[in-house]
Amino acid sequence: ETIGVAMSLFDDNWLTVLRHGMEDYGKTLDGVEIQMEDGQGDIAKQQSQVENFIASGVDAIIIMLVDADSGAAISKTAAAAGVPLIFVNNAPSNVDSLPDKQAFVGSNEEQAGTLETETVCKSLGGKGSVVILQGQLGTTGQRGRTKATHDVLARPECSDIKVLDEQTANWMRTPALDLVSNWLSAGLEFDAVIANNDEMALGAIQALKAAGRSMDSVVVAGVDATQDALTAMQAGDLDVTVFQNAVGQGKGAIDAALKIARGETVEKKTYIPFELVTPENVADYATKN
Amino acid sequence: MNTNVTAGDTPAGMNTTRRRLPPELNIFFVLIGIALVFEVLGWIFAGQSFLMNKQRLTIMILQVSVIGIIAIGVTQVIITGGIDLSSGSVVGMTAMIAAGFAQASTWGRVMYPSLTDLPAIIPIGVGLLIGILAGLINGALIAYTRIPPFIATLGMMVSARGVSKWYTKGQPVSGLTDQFSFIGSGIWPVVVFLVVAAVFHIALRYTRYGKFTYAIGANVQAARVSGINVERHLVKVYVVAGMLAGLAGIVTAARAQTAQAGMGVMYELDAIAAAVIGGTSLAGGVGRITGTVIGTVILGVMTSGFTFLRVDAYYQEIIKGAIIVAAVVTDVYRQKKRKV
Amino acid sequence: MNTNVTAGDTPAGMNTTRRRLPPELNIFFVLIGIALVFEVLGWIFAGQSFLMNKQRLTIMILQVSVIGIIAIGVTQVIITGGIDLSSGSVVGMTAMIAAGFAQASTWGRVMYPSLTDLPAIIPIGVGLLIGILAGLINGALIAYTRIPPFIATLGMMVSARGVSKWYTKGQPVSGLTDQFSFIGSGIWPVVVFLVVAAVFHIALRYTRYGKFTYAIGANVQAARVSGINVERHLVKVYVVAGMLAGLAGIVTAARAQTAQAGMGVMYELDAIAAAVIGGTSLAGGVGRITGTVIGTVILGVMTSGFTFLRVDAYYQEIIKGAIIVAAVVTDVYRQKKRKV
Amino acid sequence: MISPGTMAAVRASGAVPNSEFLLEAEGVRKAFPGVVALDDVQFKLKRGTVHALMGENGAGKSTLMKILAGIYTPDHGEIRLRGHDIELKSPLDALENGIAMIHQELNLMPFMTVAENIWIRREPKNRFGFVDHGKMRRMTAELFKRLKIDIDPETEVRHLSVASRQMVEIAKAVSYESDVLIMDEPTSALTEREVEHLFEIIRDLRSHGIGIVYITHKMNELFEIADEFSVFRDGKYIGTHASSDVTRDDIIRMMVGREITQMFPKEEVPIGDVVLSVKNLTLKGVFHDVSFDVRAGEILGLAGLVGSGRSNVAETIFGVTPASSGTIEINGKPVDIDSPNTAIRNRMAFLTEDRKDTGCLLILDVLENMQIAVLQDKFVKSGFVQERELSRVCEEMSRKLRVKTPNMYERIENLSGGNQQKVLIGRWLLTNPRILILDEPTRGIDVGAKAEIHRFVTELARDGVAVIMISSELPEVLGMSDRIMVMHEGRATGFLDRAEATQVKVMELAAR
Ligand SMILES: Nc1ncnc2c1ncn2[C@@H]1O[C@H](COP(=O)(O)OP(=O)(O)OP(=O)(O)O)[C@@H](O)[C@H]1O
Ligand SMILES: Nc1ncnc2c1ncn2[C@@H]1O[C@H](COP(=O)(O)OP(=O)(O)OP(=O)(O)O)[C@@H](O)[C@H]1O
Ligand SMILES: [Mg+2]
Ligand SMILES: [Mg+2]
């Protein structure tokens, strides 16, 4: 059996772990071949990749959507061709009404933002000021995580926390480094940095260190629990990150795809929860992602 | 006075054959060559035909229709000696704004609750207008302030992308009406692409608009002295390019049944590449729509071919870059050979 | 017989003054203007000075040093009448490959376990070599197959990005040695940028290398009949551009203390923009390193200024596009005015 | 065959071998797609002589010279330098072997200074290996002093007039101190004064044993400067003679294959009403207070030295550089000519002096070049160009003008200079103008075609067209004009009627 996997983006750390998870798991399965495509963050490209998969006669398709809302059209295309389709990680907007032979295995972006912000709120004792580092504007992760952050900060127990500024650093380390440096030079005094992902959190840490801020005086939070992030956490620089089980999601997606392809039935929705990582439990996650 | 000077004795018309062999024939052969390579490799590695698959043949063009529509506008711009970096961003901007007027009332989060279920003509009109507006700004800046087209359209590229993100603060615009989505369904994008190509093929070759476009690109000073209102014509050309980018935005949104701020990112590069592969010269004055169509199809064939042969995604880009270069090298080489 | 030919019909004196006022003075004033606007807005909205802040002044340049290093190479390429779209991708590629040789043994997942803790000179050498290689391919393709620079470097752009993704299958390369990271620490990137700028400012103005570069861009036919080996020189220019992109890759990796496949995406556009804002003409023959440096700093000032004034992220891009256009419009306008 | 490198080394050592001819070409053939530019031609240059190369436009003169300068490689044929076979693979080969060339089309770098242009690739270096700009300036000044050229070495070439650029080209070629100096129509952009000056330079070089190839379409120059001459016709070699042995008519017969009896076929035609009236026209800092009338059927000649502003006046009347003050009246009605577009709508036509910069659409074909101006208001129906009709008219025009081209679809850049000029004239004639401005209409045009063009101008005048003709060739102005306006430093210094105009009177007004 051939499974076509349409990834939203190749050059992202967490997605790389997900991708490798699927590839490695695929290799352990006899007679299963995995074919990966890179959507480069473009929904139209991803749509075409799905169509090309269908034309090439794959047995099932796994898709990590560039954006949740593009799921409906892709869902329709696959259903029309009768090819099994599994959405991984990013739930399509029609997740509650998926047609036959389609299923979702993944997580809820908002949960990541909620977990990291709750922890930050708690360590600040419900008051202080924060800055928010957003991912590329308009992407599912940026929207979901930022929204959750704001929702948490709006809760009564965190309502004394002020958001000084929020800007985008496009998911990347160097832009975050520059952005935070600019903030510091503008005299912004913040007690925490809430970043949409770990790379940006690491950039913030570098900027803070360069400006001579003591890392104990500031809470830095990210999402993904990448290798670099865990190392930074062990060094005492990063305070919060959120683990998302990439390998688990990938494995779940492949299993579901194979089952549908073989005519078995699967759960329509499988949510794999995010897990909070802090210095206390960081050791448990050292080798997971 | 004696009249029979030796000069005019090569009768004009002797060598009309040269005109009949269009230069894009070369790149057409390159396209055929690439397709055949995939065909052969297909039989060897996948045990099936690459070309004898109606579905795939459609997708090959379908997936590049949007690029193709932009590329047609960009080709005209490049023929005048300019460049349009903004087309991809304008696609995103028009997609967002047009989609806002194309939402069905059944959708949960509509932008304009009082403006749902409108006939498709309204979002289409809005999209084209937005494109025209962007083109007008580009054209006016280039023609009347004389800044380099690169900068004017770079500014528009950055700003238009900003507008798409700002318009809904990053939220996608979804739940589009069936009537609107229809333009993006099935092979309609291909139809739109080919109709646009035909129209502008004719416009460039058989109308005054076309002749002026080439003249400006060949020598803007001479064009001016020959009485062409260069400024006004440039504005027209950029408006057309903007309008086509707007059209492309509409088709993209209709096809994806959603509009997002990130739509069309880097399409400008693919569009310029399609034009240049098809023989359009960035120095201006040279280029044809047929060539651009072939260039566009080459991009589509490559994408489909890679998936078909299950080329590892890691290698696809490396190979894609090499094929683009090889295609143009072959073209240049063949053209040189024929010349001598 | 009369001797003094009337040739020098524009009075010689007038021209010498023209020479003494370098054209980049205009854009320098534009830079000052932009900075002053931020200064005033700063006092109004943030209650503090924009410019009287040493830290910010450093960051303004620091954050664009990498763009600046590439832009210097790109300026030379544009002066020859070419273009380099590959620089951003080459930054990514060299960052990845160089970082592979710069890992500390203390890191968990090293690429080459037997090659850890190497002296920084090795990854630096490797990075420069990779850059040179990319430039060599670009240059050789452009000079000897005569394909448009746009296509050759577009191919390299796509392929090099592919190489970065393929090299570690998307894994970031982290845990770089302190020695290597040092080049990226503090204001070292600024130092590298300014040293490179100084070297190439001199190279372009006071060496044959520079004269040939301008000559080829101004009139390639004239350069050829003057006995310049145009092909060989073009290769040199693209090699230099590649090498500087390689250097930029090294600095990027050192500064971020990691290398990732997506590094340098779209840097080529910023670099070209910096050069063009600084007065380099895409038509070739015109351009100066000082102008490019100013263009680069304008980009940096904008970024810092936006953060300083806490401009909403959603508006930043819209404004940025407009400022780029306005800067060049002002420049063009001022230059026109002085001419009359 | 010895390699160019060896020859270069021999030359450098000073031990230059003796042979009767400095440079010989034999059996040279060169074909371009659709044209055989050279067919088994020969050419022999003796040292210390000026050898003129004559032939109609498109005869192959420039092509042969480009072969000798290493720019083209011949399809076959032998080239001997000082008696030794040599193969010139690049311009550098030619330069190193002592062959320098002044090209027909100017080949300078506009954004570089005069000094940089001249010494490109040979810049003097200081002891650190950097270009020594001071020394370069001094070297240029010295060279200019020797050649008596008055141009500031620090000026960027783009600020120079065409004539000055030509002088820079000449100085550059001389600076190579080559044994062979090829000059391809060096005087087409020069007025008499600079021509005289150039001849002085040439005589000096000749006395130093240098061999000079001199291409020109100006007959009087041939007798003044050339020792011998060769004639080409249609890519074939016709013959070589000493210039003292022949008459002007002999040469024309060799070139054209027939007699040309009348050089300036001026006809007296009835002069009509004032068509164009220019009053106090001023373009600030360029020219001032220029006033004149032109009547239907009249040919008004504009004379003056290089840089006197004749071209600028023409450009302003045509709207290329709109006037800062003054009025233009057409048929008695004041019109505001703000662009060439307006000018054309008022039935004006303007053949510019620089065909490469403001004339030809180089990469487009002959047909497209010819039709572009007429498309403003004719041969277009609801946006569509009436191709068939228009091609027919263009072909007819090119036949009438005897444009030598393989076909109408040849790129104009592949045509010889003279034929390009004819295409541009055709472009304007198609618009059927009432006011025709010609700026150096016969620059680079061979004698046959020149007579042809003069005949056209005469015919147009007969049809009632008002003609303004700028020319730096005094005989042409004197021969063709009904009236002559002379300009000096941006002002009209006087008008001369046909009857009273003489060379001396014009020069007096021009140099005042
Ligand atoms: N690069 C080229 N490609 C095609 N045809 C060419 C090319 N160069 C010259 N020709 C053709 O070769 C012939 C000879 O041209 P050439 O320039 O040598 O003429 P010429 O004698 O110098 O004429 P003129 O007096 O007008 O300068 C012409 O018919 C011309 O059209
Ligand atoms: N300083 C300058 N900078 C730019 N262009 C110039 C300059 N001086 C002259 N020119 C241009 O050179 C051309 C010749 O103009 P000029 O005033 O010398 O006319 P002219 O009297 O007809 O001389 P010529 O005999 O050279 O045509 C014009 O097109 C003019 O605009
Ligand atoms: Mg010639
Ligand atoms: Mg003139």
Side-chain angles (χ1 to χ4, degrees), chain A residues 7 9-13 15-20 23 36 38 40-41 131-134 137-138 142 146 164-188 199 202-203 205-207 209-212 226-232 234 286-287, chain C residues 42 46-48 50 53-60 62-64 66 92 106-109 161-162 164-166 168-175 181 184-187 251-253 255-266 300 303-314 316-317:
Chain A
M7 295 297 294
L9 200 65
F10 267 28
D11 35 13
D12 174 276
N13 289 346
L15 291 175
T16 298
V17 182
L18 173 66
R19 196 168 72 237
H20 288 299
E23 274 172 348
M36 291 274 180
D38 180 0
Q40 296 174 11
V131 288
I132 302 174
L133 286 171
Q134 295 175 292
L137 298 181
Q142 174 261 331
T146 309
L164 292 184
D165 201 3
E166 55 182 325
Q167 300 280 7
T168 179
N170 290 319
W171 300 122
M172 291 185 289
R173 196 180 297 192
T174 327
L177 164 57
D178 293 331
L179 179 56
V180 176
S181 303
N182 277 317
W183 270 329
L184 292 169
S185 71
L188 252 62
E199 273 302 310
L202 294 173
I205 290 169
Q206 285 184 16
K209 280 186 168 169
T226 61
Q227 203 66 36
D228 289 17
L230 296 176
T231 311
Q234 276 157 341
T287 56
Chain C
Q48 53 169 297
F50 176 62
N53 181 323
K54 232 173 89 188
Q55 205 183 358
R56 179 153 44 235
L57 289 178
T58 317
I59 292 164
M60 274 183 210
L62 187 59
Q63 67 196 351
V64 287
V66 166
T106 48
W107 186 253
R109 266 190 310 213
R161 185 62 62 201
S164 332
K165 288 182 190 171
W166 155 85
T168 59
K169 304 262 161 175
Q171 300 282 3
V173 183
S174 304
S181 304
S185 66
I187 59 154
V251 173
T252 311
R255 184 149 184 258
Q257 292 168 35
T258 179
Q260 318 223 350
M263 271 175 167
V265 168
M266 300 275 252
T303 311
S304 285
F306 288 151
T307 314
F308 169 66
L309 292 177
R310 298 202 215 148
V311 177
D312 190 335
Y314 290 108
Q316 284 193 11
E317 283 182 80

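Reminder, nothing fancy here: chain letters follow the sequence lines and each chain counts from 1.
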Are the side chain of C:Q48 and the backbone N or O of A:A186 linked by a donor-acceptor pair below 3.5 Å? yes

Minimum heavy-atom distance between A:R173 and C:T258, given as atom pair plus value: CZ-CG2, 3.0 Å

Considering only heavy atoms, which portion of [X] lies under 4.5 Å from any heavy atom of chain A: side chain, backbone, both, or neither?
| X | answer |
| --- | --- |
| C:A46 | neither |
| C:V311 | backbone |
| C:K169 | both |
| C:T58 | neither |
| C:Q257 | both |

Just so I understand: if I count every heavy-atom pair under 4.5 Å between each of C:G42, C:P172, C:A256, C:S304 and chain A, which residue has the most? C:A256

Max heavy-atom pair count under 4.5 Å with chain A, selected residue of C:F306, C:W107, C:F50: C:W107

Please list, chain by chain and in numerical order, all residues satisfying side chain to side chain donor-acceptor pair (under 3.5 Å) with A:Q206, sequence neighbours excluded.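 Counting only residues at least two positions away or on another chain, A:Q206 forms no side chain to side chain donor-acceptor pair (under 3.5 Å).
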
Please look at [X] and chain C and tell me whether the side chain, the backbone, both or neither of the residue comes under 4.5 angstrom of a heavy atom of that chain.
| X | value |
| --- | --- |
| A:N13 | side chain |
| A:L9 | neither |
| A:E199 | side chain |

Closest-packed option against chain C by number of heavy-atom pairs under 4.5 Å, given A:Q167, A:R19, A:M172: A:Q167

Chain C: which of A:L202, A:L177, A:N170 shares the most heavy-atom pairs with it under 4.5 Å? A:L177

[X] side, atom [atom1]; [Y] side, atom [atom2] - distance, nearest 0.5 Å:
| X | Y | atom1 | atom2 | result |
| --- | --- | --- | --- | --- |
| A:D165 | C:T307 | CG | OG1 | 7.5 Å |
| C:R56 | A:S181 | CZ | OG | 12.0 Å |
| A:L188 | C:F308 | CG | CZ | 10.5 Å |

Note: A:D38-C:R161 ion pair, threshold 4.0 Å (strictly below):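 No salt bridge links A:D38 with C:R161.
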
With heavy-atom distances below 4.5 Å as the criterion, would you say the side chains of [X] and [Y] are in contact?
| X | Y | result |
| --- | --- | --- |
| A:T16 | C:Q171 | yes |
| C:R255 | A:D178 | yes |
| C:Q63 | A:N182 | yes |

Check against side-chain hydrogen bond (donor to acceptor under 3.5 Å, both in side chains), C:N53 and A:S185: CA-CA 7 Å; C:N53 181 323; A:S185 71; 4.9 Å; no

With sequence neighbours excluded, tell me which residues meet side chain to side chain contact (heavy atoms under 4.5 Å, CB included) with C:L57.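 Partners of C:L57 under the side chain to side chain contact (heavy atoms under 4.5 Å, CB included) test: C:L51, C:M60.
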
Decide yes or no on side-chain contact (heavy atoms from CB on, under 4.5 Å) for A:T168 and C:Y314, but give the supporting numbers first. CA-CA 9 Å; A:T168 179; C:Y314 290 108; over 6 Å; no

